[in-house]
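Everything on this sheet refers to the single structure shown next.
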Amino acid sequence: MCGIVAAVARQNCVPVLIEGLRKLEYRGYDSAGLAVLNPGLNRLRSVGRVAELAVQAAGVEAEIGIAHTRWATHGVPSERNAHPHISGGLAVVHNGIIENFAELRAELSAAGYVFQSDTDTEAIAHLLQHTLKAEPDLFAAVRKSMARLSGAYAIAVLKEGERRLIVARHGAPLLLGVTEQGSYAASDASALLQVTRSMVYLEDGDVAELSRDGYRIVTADGHPALRSVTESLLSADAVELGHYRHYMQKEIFEQPEALGNTLEMLGGAGALSPNFFGAEAPRVFDGVRSVLILACGTSYHAGLVARYWIEQIAGLPCSVEIASEYRYRQSVADADTLVVAISQSGETADTLAAVKHAKAQGMLRTLTLCNVPESALIREAALKFLTRAGPEIGVASTKAFTTQLAALALLTLVLAKGRQRLSAADEQTHLAALRHLPVAVKKVLQLEPEIERWARRFANKHHALFLGRGHHYPIALEGALKLKEISYIHAEGYPAGELKHGPLALVDKDMPVVSVAPNDALLEKLKSNLQEVQARGGELYVFADRDSAVEASEGVHVLRLPEHYGLLSPVLHVVPLQLLSYHVALVKGTDVDKPRNLAKSVTVE
Ligand code: F6R
């Protein structure tokens, strides 16, 4: 989603703005722009890549500026709709959605303001200009204007004649970077690592004034706010591509290390402890009667896997809800339900709203599993667990997913132990399997050359089916999602038993059918389903285990994972599906890390 970078410095800040936008490219965008004061307002915008904006900005120098990557919501991607938006000598960049923009637009048009774009952001620019008539101080005018905005947003504002920037957030991420040379703001830390590791995370309602000598923050009601300075642990290298061709490839191959980091506490722990989820966890988990998982997209698929684990091993009823549905559904609340939010970014608007909705209904036992410290979801829940996958730049989630699964497996086992459903011997067996997980995934990654060969056969297909059963059914869903989002091949995931209830009608020689076929209790059932495909001339691509009794034959291709991994088998089986999508996308020549129309951090509804 949209990315913001803003700077007021003692030297030329244009290179910092451009580099910051480059670092935010992964969030997804379709146009980019910046505005600087040198000394008059100078705006540059372009549809397409930040690299094109950089060409336009070559030779431009200024000590104060705001910059933006736009992911279209109101109005098509075009230069006219690209940010910054201007009203008089004032420019605004904005992330999020202003829900009452139509009303504001009508009001401001009636007051004589002429809109040049279709965006909601331009309404903010004119509103500010209008407010300045009665309240000439820019800082006060931003605060006053915010009271008129509904929706979730982060903004940065500059104005001719001012040596300061004003930024504000309400429901969309924004943080400050503080240095001796100046003050900076951005949508996430990766954009500011180039100048500092000292970050100040703004809270909802905060308005901040940035000058080259420092900053001040006030809350929505105008009181000075003290926000702590956090040293970012993000390594600058972690956001570099290194020797990989794409971030997605890098992130797939980082999974062993990411899993090791997520499960690091198990190295020294001889036993499972609820304290892995925070000091308050024993109290929050005590007496829990069910689990409700809230998430979107890939994180939702992780939740679907966990449902099988939590019901089977911890013996707790578990429901998994797509956050955008749950937040508006009239459901039955139970205060003894553990509400688990899963999110890579921790900023997904629907998941955040869903957790708030659950809390408003009296469900206060909340836990966030998340990859980003200090994110909104981390702050929203009573308990937090950091997945420690490291920054995920590729839009298609990979290492975030497997580390979410590791965290969910840990949660399942902790809940099971708390309910006396885990023998000491089983506890040790599970702990050993978790500790061995990074090594097991490393072995699966060695299948890449064969998967690359398979991928060539998919590149000219228009549709694909992914089948799985039991806790591998969500893995089929995830495989289909990965393929469709980065290769643009239409793909559907199905529980294999459901095939004959409809989708079998689609199967012919042009429809590749990918099947997840671990050597588990459902393998024989799955094989019957695969025969149904074969009998209709479908081409089968089967990911089996070393000892799965599935043989290759005419129209049946089989690849074997090195070992069967029981409870954690979904963590292994998703890896070849990630590699398959990646290589199909490579053959098709799509933009692997930034697939069209998608954003990394979905901060709007
Ligand atoms: C797919 C993908 C998305 C996200 C979804 C939720 O590869 O990445 O489906 O999983 O947008 O995002 P988070 O996990 O940040 O809440």
Side-chain angles (χ1 to χ4, degrees), residues 1 26-28 71 152 171-173 187-188 190 246-249 251-252 255 258 293-306 320-327 340-356 367-381 384-405 407-408 466 474-475 477-488 491 493 574-575 577-582 585 590-605:
M1 294 263 122
Y26 78 93
R27 296 164 70 90
W71 189 83
S187 300
D188 72 43
S190 63
H246 296 95
Y247 282 106
M248 184 180 181
Q249 184 190 29
E251 287 154 9
I252 291 173
Q255 289 179 108
I293 297 179
L294 303 171
C296 304
T298 287
S299 298
Y300 169 72
H301 294 158
L304 288 179
V305 174
V320 190
E321 299 251 8
I322 289 180
S324 56
E325 284 297 311
Y326 174 77
R327 64 183 286 192
V340 181
I342 311 174
S343 175
Q344 187 285 130
S345 62
E347 301 289 349
T348 303
D350 282 320
T351 311
L352 190 57
V355 173
K356 287 183 175 163
L367 161 68
T368 289
L369 306 182
C370 183
N371 194 34
V372 180
E374 304 294 336
S375 59
L377 269 160
I378 285 279
R379 282 181 273 140
E380 191 64 38
K384 64 178 178 189
F385 183 94
L386 271 178
T387 46
R388 298 181 59 196
E392 195 181 60
I393 308 293
V395 163
S397 196
T398 53
K399 62 176 180 172
F401 179 70
T402 43
T403 51
Q404 285 167 352
L405 289 180
L408 287 160
F466 284 70
I475 297 303
L477 290 176
E478 176 59 9
L481 178 62
K482 288 286 93 85
L483 189 70
K484 75 181 105 173
E485 66 183 334
I486 62 163
S487 76
Y488 315 148
V574 77
V575 173
L577 303 187
Q578 297 168 342
L579 284 168
L580 180 67
S581 308
Y582 173 68
T590 54
D591 193 345
V592 174
D593 286 332
K594 300 184 219 67
R596 68 185 180 203
N597 307 338
L598 296 182
K600 182 69 185 165
S601 184
V602 186
T603 49
V604 298
E605 254 196 271

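Order of listing sets the numbers, starting from 1, for every ligand and every atom in it. Along the sequence shown, residues carry numbers from 1.
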Using a strict cut-off of 4.0 Å, indicate which atoms of ligand 1 neighbour a heavy atom of [X].
X: A396; answer: 7 (O)
X: V395; answer: 7 (O), 8 (O)
X: E485; answer: 1 (C), 7 (O)

Which heavy atom of the protein is the closest neighbour of [atom], given with residue, atom name and distance?
atom: atom 6 (C) of ligand 1; answer: C296 O, 3.4 Å
atom: atom 11 (O) of ligand 1; answer: V602 CG2, 3.9 Å
atom: atom 2 (C) of ligand 1; answer: T298 OG1, 3.7 Å
atom: atom 15 (O) of ligand 1; answer: S345 OG, 2.7 Å
atom: atom 16 (O) of ligand 1; answer: T348 OG1, 2.5 Å

What are the two closest non-hydrogen atoms of [X] and [Y], and how far apart are they?
X: A152; Y: G171; value: CB-O, 3.8 Å
X: G346; Y: S343; value: N-OG, 2.8 Å
X: G493; Y: L477; value: O-CD2, 3.5 Å

Is ligand 1 less than 4.0 angstrom away from at least one heavy atom of L377?
-> no
Does H301 have a heavy atom less than 4.0 Å from any atom of ligand 1?
-> no
For S343, is at least one N or O under 3.5 Å away from an N or O on ligand 1?
-> yes
Is ligand 1 under 4.0 Å from a heavy atom in the side chain of K482, in the backbone, in both, or in neither?
-> side chain
So, Q344 and S299: side-chain donor and acceptor under 3.5 Å apart, yes or no?
-> no
May I ask you to test the V372-E347 pair for a side-chain heavy-atom distance under 4.5 Å?
-> no
Would you please name every residue forming a ring-ring contact (aromatic ring centres under 6.0 Å, His included) with Y582, sequence neighbours left out?
-> H246
Taking Q578 as the fixed residue, which of Q249, Q255, E251 is the one that meets the side-chain hydrogen bond (donor to acceptor under 3.5 Å, both in side chains) rule?
-> Q255
Partners meeting side chain to side chain donor-acceptor pair (under 3.5 Å) with T348 (sequence neighbours left out) = S345
